[in-house]
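This report refers to the structure that appears directly beneath it.
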Amino acid sequence: MMNVSTMVTEEWKSLLQDKRLLAILLLVPVVCAILFGSIYYHGKIRSVPTVYIDEDATQLSQQIVQAFDASESFEIVGAAASEAELMQDVQEGKAFVGLIIPSGLSEKIKQGSQAEFMTVIDGSNMTVVSSVLKSANEIAQTYSAGISMKRLEANGVPADYVSSIGMGYRMLFNPGGSFGIYLPLGYMGAINQQVILLGMALCVAREIERKRWEEFLIHWKAPWKVFFAKALPYFIIGNVVIYMTLGILTNVFHTPFMGQLGPLFTLIALFVFCLMTIGFLLSISAHNTIDASKKTFQVTGPSFIVAGYVWPFMAMPGIFSYIGHLLPLTYFLHGLTEVMIKGNGWEQIWGDLRALLIISFCVCTAGMLRLTLQGKKHLKQKEGALES
């Protein structure tokens, strides 16, 4: 019978021999610390795409536009010809903020009346909204405090009236400014990805443990047959699970659904299929179910952090933004927001669908190639055993 000291010694030996588990225990916390620290290092969202319309067309209104453009929080990407065009740009995601300077703003200030410019904000990401409101208010307060007082006085604006410049805002898609509108969708997507990918990743590893994988390798000349047979049940279950979770969010917790079912179902199907290809590649690369589970965790662990959903790509270091754009969760969550929260259709999610197709094709090709190589290797081993 082993005593406590012997059991501890044996456990240390087992742990040190399991290089992958040891790497997870030691490296994952360090990598996550570096990841979180790097992504949130600056702590501020910069260069938010902004369009404007200047209906006042005075030196004061031009100064306000220049103040937005000079701010590190905003990046003027264009001028709209009308308020309708400005609203459409925000609706379609061409800009996150729309700045409206109404006609008569300068005249109202000269008359001593309260005047304000308006910002139209995409409310689908409350992290960006908070930063935008803070920065826009700072610009309004800067004028109200008289930072540009000399310029205003030189153009006939009395100093007593500078404080009458204010800012109003209108938040699209999320008028109440609720985190409950978009955060549950993000967490739902990340959790479903973890579950669906794990299920697919275990399918081949389970056959290896049961000593039945050789029966599948005889189809190495047509690897798609193995993939189809293994992926179909998980593809169906994955779609159903996402339908169920979205149904719960919309019907029980009143998450809005503003779009159409066609784009939504297509997005879900492509996302789940993409997960099937990744899970299959992980599965045929694993030695057993534990190994497959570890590899799944390594893939899905950081994906929600760098998906650009909670913390936008515009505020991330370049390397993490690049990594995020390689992940299917990024495109699924963006497309989900466009359809459900914004009510947009095919045009706005076509980029997401195309990216999921490209990822699926590349990963599926890699999986088919690996299965073919495994089959050839198994055939040579079998022929060698027969010759001997």
Side-chain angles (χ1 to χ4, degrees), residues 20-21 23-25 27-33 35-36 39 179-180 182-206 209 227 230-250 253 255 264 267-311 320 323-337 340 352 355-356 359-360 362-364 366-367:
R20 190 180 297 276
L21 177 59
I24 291 175
L25 291 174
L27 295 181
V28 169
V30 174
V31 171
C32 287
L35 183 62
F36 277 105
I39 289 178
F179 281 85
Y182 85 103
L183 274 182
L185 287 180
Y187 291 132
M188 179 278 299
I191 293 172
N192 280 335
Q193 174 187 249
Q194 177 74 37
V195 172
I196 296 169
L197 193 58
L198 180 61
M200 185 62 190
L202 294 177
C203 68
V204 172
R206 185 173 58 247
E209 290 183 343
F227 173 72
K230 285 294 182 181
L232 183 59
Y234 299 98
F235 177 79
I236 295 174
I237 292 173
N239 278 269
V240 171
V241 167
I242 295 180
Y243 296 158
M244 290 172 57
T245 51
L246 288 179
I248 292 172
L249 290 179
T250 55
F253 299 102
T255 299
L264 177 65
L267 177 70
I268 293 172
L270 279 178
F271 174 61
V272 175
F273 179 76
C274 192
L275 295 182
M276 296 297 98
T277 63
I278 297 173
F280 186 73
L281 180 60
L282 293 176
S283 191
I284 62 177
S285 304
H287 302 294
N288 49 52
T289 53
I290 296 177
D291 190 31
S293 300
K294 293 176 183 176
K295 289 181 176 180
T296 301
F297 174 76
Q298 291 170 348
V299 171
T300 60
S303 61
F304 187 59
I305 304 172
V306 296
Y309 190 74
V310 176
W311 192 252
F320 295 114
I323 294 173
H325 281 93
L326 297 176
L327 302 174
L329 184 63
T330 297
Y331 303 101
F332 176 64
L333 293 180
H334 177 266
L336 203 61
T337 301
M340 291 192 63
D352 302 309
L356 290 172
I359 295 172
S360 298
C362 294
V363 178
C364 190

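The basis for the numbers below is simple: all heavy atoms, side chains too, and nothing from hydrogens, waters or symmetry mates.
Of the inter-residue distances, the one linking Ile278 atom CD1 with Leu281 atom CG reads 8.5 Å to the nearest 0.5 angstrom. Here the straight-line distance linking atom CG of Leu198 with atom OG1 of Thr289 works out to 9.5 Å at 0.5 Å rounding. To the nearest 0.5 angstrom, Leu333 atom CG is 7.5 Å from Met188 atom CE.
Proximity of Phe271 to Asn192: side-chain heavy atoms (C-beta onward) are nowhere separated by under 4.5 Å. Side-chain contact between Val195 and Val241: absent, with no pair of heavy atoms (C-beta onward) separated by less than 4.5 Å. The closest side-chain heavy-atom distance from Leu264 to Leu336 is below 4.5 Å. Between Leu185 and Leu246 the shortest side-chain heavy-atom distance falls below 4.5 Å. Side-chain contact between Thr330 and Val306 is absent, with no heavy-atom pair separated by less than 4.5 Å.
The two residues Leu202 and Ser283 make their nearest non-hydrogen contact at C-OG, 4.2 Å. Contact detail for Lys230 and Met200: the closest heavy-atom pair is O-SD, 4.0 Å. The nearest pair of heavy atoms linking Cys364 to Phe227 is SG-CE2, 4.4 Å. Looking at every heavy atom in both residues, Asn239 comes nearest to Ala269 through OD1-CA, 3.5 Å. Residues Ile359 and Leu327 share a closest heavy-atom pair of CD1-C, 4.2 Å. Listed here is the closest heavy atom pair of Ser303 and Leu329: OG-CD2, 3.8 Å.
Judged by distance alone, with hydrogens and angles left aside, the side-chain atoms of Thr277 form no donor-acceptor pair with the main-chain N or O of Val363 at under 3.5 Å. A donor-acceptor contact shorter than 3.5 Å is absent between the side chain of Tyr234 and the backbone of Leu197. Listed for the Thr255 side chain is a donor-acceptor partner under 3.5 Å among the backbone atoms of Leu249. Side chain of Lys295 to main chain of Ala201: no donor-acceptor pair is present (N/O by atom type, distance under 3.5 Å, no hydrogens or angles).
Note on ring orientation: taking the six-membered ring where Trp is involved, the planes of Tyr309 and Phe304 are tilted (angle from 30° to 60°).
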(request) Before giving the answer on side chain to side chain contact (heavy atoms under 4.5 Å, CB included), spell out for Phe332 and Leu267 the whole-Å C-alpha distance, their side-chain angles and the decisive distance to 0.1 Å. (result) CA-CA 7 Å; Phe332 176 64; Leu267 177 70; 3.9 Å; yes
(request) Go through the steps for Ile237 and Val272 under the test side chain to side chain contact (heavy atoms under 4.5 Å, CB included), then give the verdict. (result) CA-CA 9 Å; Ile237 292 173; Val272 175; over 6 Å; no
